[in-house]
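A quick write-up on the structure given underneath.
Letters A, B, ... mirror the listed sequences (proteins, then strands); counts begin at 1.
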2 protein chains.
Amino acid sequence: MSCYLHPATDDIRLPAVLAALGDPVRIAIVRALAAAEAGLNCSMAGPIENVARSTLSHHFRVLREAGVIWMVKKGVENINTLRRADLDGRFPGLLDQILRSSCADIGQDSASEPMAKPVEAHGALPSA
Amino acid sequence: MSCYLHPATDDIRLPAVLAALGDPVRIAIVRALAAAEAGLNCSMAGPIENVARSTLSHHFRVLREAGVIWMVKKGVENINTLRRADLDGRFPGLLDQILRSSCADIGQDSASEPMAKPVEAHGALPSA
DNA sequence: CCAATAGTTCGGTATTTTGGAACAACGGTA
DNA sequence: TACCGTTGTTCCAAAATACCGAACTATTGG
């Protein structure tokens, strides 16, 4: 049976999930999977950006080992699906919330920019 | 004016926020700040774990540069506050959702464990 | 059997994390 | 003023990660 290693549902950890989603390429993958009706292979789910195949492979592994996606080998390709139910069981509402938030963050390249328009601390506390 | 560099509200990026919170030490800091009535200095907000001061300083910088916390120098210490309103303005509901989720993840060391009880892909798709 | 396709693994380089040691800044005390 | 204890940063080097190209494996189609 074509098998990759996945954490059991109870072993999905929040920091791992957030770290997995805290990368522009990986959250793009998750968005693509969330928008897809069925599972997607790595080439379809992976962004078109200038990302090497080996790097993409690495990103999928991070998502898989964090418990975010389920990966099944099917013929020559891998079918990836979001572990929606598992994530919801563990952290109800989290995935949907992050997907919603990611809609408010598209467009801005969000990637390697150091810090666009930095701001200094004004004497008083911020927007509290 | 004692000033650190903070991103402007509009420059807060989701991947940066998730990556910042995707670390056991850093989310512990954020939880402490969320639970506190007022701002906390680094020693109070930082976990008691075996984390060197220099490392803690690094973690606070990551949180600050991701736009998660506001840091103001006050006398000999730094006062840290959550940028609740800014985060909510940018990603409504996200912070609260993550804080809720983090409650479901305490206890489990969540840290460096490789993968506790791994599971193999069963022929059919998972909990879909 | 041969070629094409989909991904993984390997090797080296670049970036990030981590902690110890040294340093700077402030508050309190005399 | 000088001196100390506290708080936190910066500097440096080691460990761990991320990234890409090249080589490799596995499967499908002709």
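Looking only at side-chain heavy atoms (C-beta outward), P92(B) and L87(B) stay at 4.5 Å or farther from each other. Two residues are said to be in side-chain contact when any heavy atoms from C-beta on lie closer than 4.5 Å; V72(A) and Y4(A) fail this criterion. Residues I69(B) and R83(B) are not in side-chain contact: their nearest non-hydrogen atoms beyond the backbone lie 4.5 Å or more apart. The shortest side-chain heavy-atom distance between P47(B) and L56(B) falls under the 4.5 Å cut-off. For the pair R84(A)/L95(A), a side-chain contact is recorded, criterion being any heavy-atom separation below 4.5 Å from C-beta on. Using a 4.5 Å heavy-atom threshold, the side chains of N80(A) and F60(A) count as touching. When side chains are defined from C-beta on, I98(A) counts as touching I27(A), because their heavy atoms get closer than 4.5 Å.
Taking atom NZ on K73(A) and atom C1' on dA26(D), their separation rounds to 6 Å, with Å as the unit. Between H59(B) atom NE2 and dG8(D) atom P the separation is 15 Å, expressed in whole Å. In this structure, H58(B) atom NE2 and dT10(D) atom P are separated by 13 Å, rounded to whole Å. Atom CG of D23(B) and atom P of dT17(D) are 12 Å apart (whole Å). Straight-line distance from the CG atom of N78(A) to the C1' atom of dT27(D): 12 Å, rounded to whole Å. Taking atom CD of E49(A) as the reference point, atom C1' of dC19(D) lies 14 Å away to the nearest angstrom. Residue M44(B) contributes atom CE, which lies 10 Å from atom P of dG8(D) at whole-angstrom precision. Note: CG (L63(A)) to C1' (dA18(D)) measures 14 Å, nearest angstrom.
Among the heavy atoms of the strands lying under 4.0 Å from S43(B) are primed sugar atoms or P, OP1, OP2 only; no base atom is included. Among the heavy atoms of the strands, none lies under 4.0 Å from N80(A).
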* To do: Go through R31(B) and C103(B) one step at a time and tell me if the side-chain contact (heavy atoms from CB on, under 4.5 Å) criterion holds.
  => CA-CA 9 Å; R31(B) 282 170 57 85; C103(B) 295; 3.6 Å; yes
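Each of T55(A) and F60(B) was matched to the nucleotide of DNA chain D holding its nearest heavy atom; the match closer to the 5' end belongs to F60(B).
Near DNA chain C, defined here as any heavy-atom distance below 4.0 Å, there are no residues from residues 25-32 of chain A.
Counting 5' to 3', DNA chain C first comes under 4.0 angstrom of a heavy atom of chain A and last does so at the ends given by dT5(C) to dT9(C).
The existence of a salt bridge linking R90(A) and D105(B) is confirmed by a sub-4.0 Å separation between a basic side-chain nitrogen and an acidic carboxylate oxygen.
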